[in-house]
Amino acid sequence: METLLHAIKKNVEEAIVIYDAEGCVIFWNDAFKELYSYTNTELKNGVHFKTLGEFDIKNGNVAVAH
């Protein structure tokens, strides 16, 4: 399985992210990181998807209507 994930990480051009059952990141490829311009501090194993959403708002990746 590790070989497959490594191949996906290096060769798939589409953005891919996998979360565990609790909503924490366990896998992503470079295209996902680049799409949202995440830093290494923001995107790391174990970060919750809600935290990434907060980064998206802060970085202007998404618009939030009030």
Side-chain angles (χ1 to χ4, degrees):
M1 182 63 119
E2 180 122 356
T3 303
L4 175 62
L5 291 176
H6 180 73
I8 289 170
K9 192 166 202 154
K10 295 299 174 190
N11 298 307
V12 175
E13 294 179 15
E14 289 80 15
I16 296 173
V17 62
I18 300 173
Y19 300 95
D20 66 13
E22 286 78 38
C24 297
V25 172
I26 58 172
F27 175 85
W28 67 90
N29 65 354
D30 291 340
F32 178 76
K33 182 178 178 186
E34 292 169 13
L35 178 66
Y36 293 99
S37 301
Y38 291 131
T39 66
N40 290 336
T41 303
E42 294 169 336
L43 182 60
K44 56 189 173 190
N45 281 324
V47 68
H48 196 272
F49 74 87
K50 289 182 181 179
T51 303
L52 290 180
E54 292 169 2
F55 292 139
D56 291 335
I57 293 167
K58 180 186 81 169
N59 296 334
N61 294 333
V62 297
V64 178
H66 295 283

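All of these numbers come straight from a predicted model, not from anything done at the bench.
To the nearest 0.5 Å, atom CD of residue Glu34 and atom CG of residue Leu43 are 11.5 Å apart. Between atom CG of residue Asn61 and atom CG of residue Leu35 there is a gap of 8.0 Å, rounded to the nearest 0.5 Å. Rounding to the nearest 0.5 angstrom, the gap separating the CG atom in Asn40 from the NZ atom in Lys33 is 3.5 Å. Distance CZ/Phe32 to CD/Glu14: 14.0 Å, rounded to 0.5 Å. The line from CD of Glu13 to CG of Asn29 is 10.5 Å long, rounded to the nearest 0.5 Å.
The environment of Tyr36 atom OH is sparse: at most 12 non-hydrogen atoms of other residues, nucleotides or ligands sit within 6.0 angstrom.
Residues Leu5 and Trp28 fall into different hydrophobic clusters, defined by Ile, Leu, Val, Met, Phe, Trp and Tyr side chains chained together at heavy-atom separations under 4.5 Å. By the criterion of side-chain heavy atoms lying less than 4.5 angstrom apart, applied directly or through intervening Ile, Leu, Val, Met, Phe, Trp or Tyr residues, Ile26 is grouped together with Ile16 in one hydrophobic cluster.
Using the six-membered ring where Trp is involved, Phe49 and Tyr19 have ring planes that are perpendicular, over 60° apart on the 30 and 60° scheme.
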Practice problem: Please lay out, stage by stage, how Phe27 and Asp20 fare under the test side-chain contact (heavy atoms from CB on, under 4.5 Å). | Solution: CA-CA 9 Å; Phe27 175 85; Asp20 66 13; over 6 Å; no

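Within the 4.5 Å cutoff, side-chain heavy atoms of Leu52 are placed close to those of Tyr38.
Nearest heavy atoms, Glu42 versus Ser37: OE1-O, 4.0 Å.
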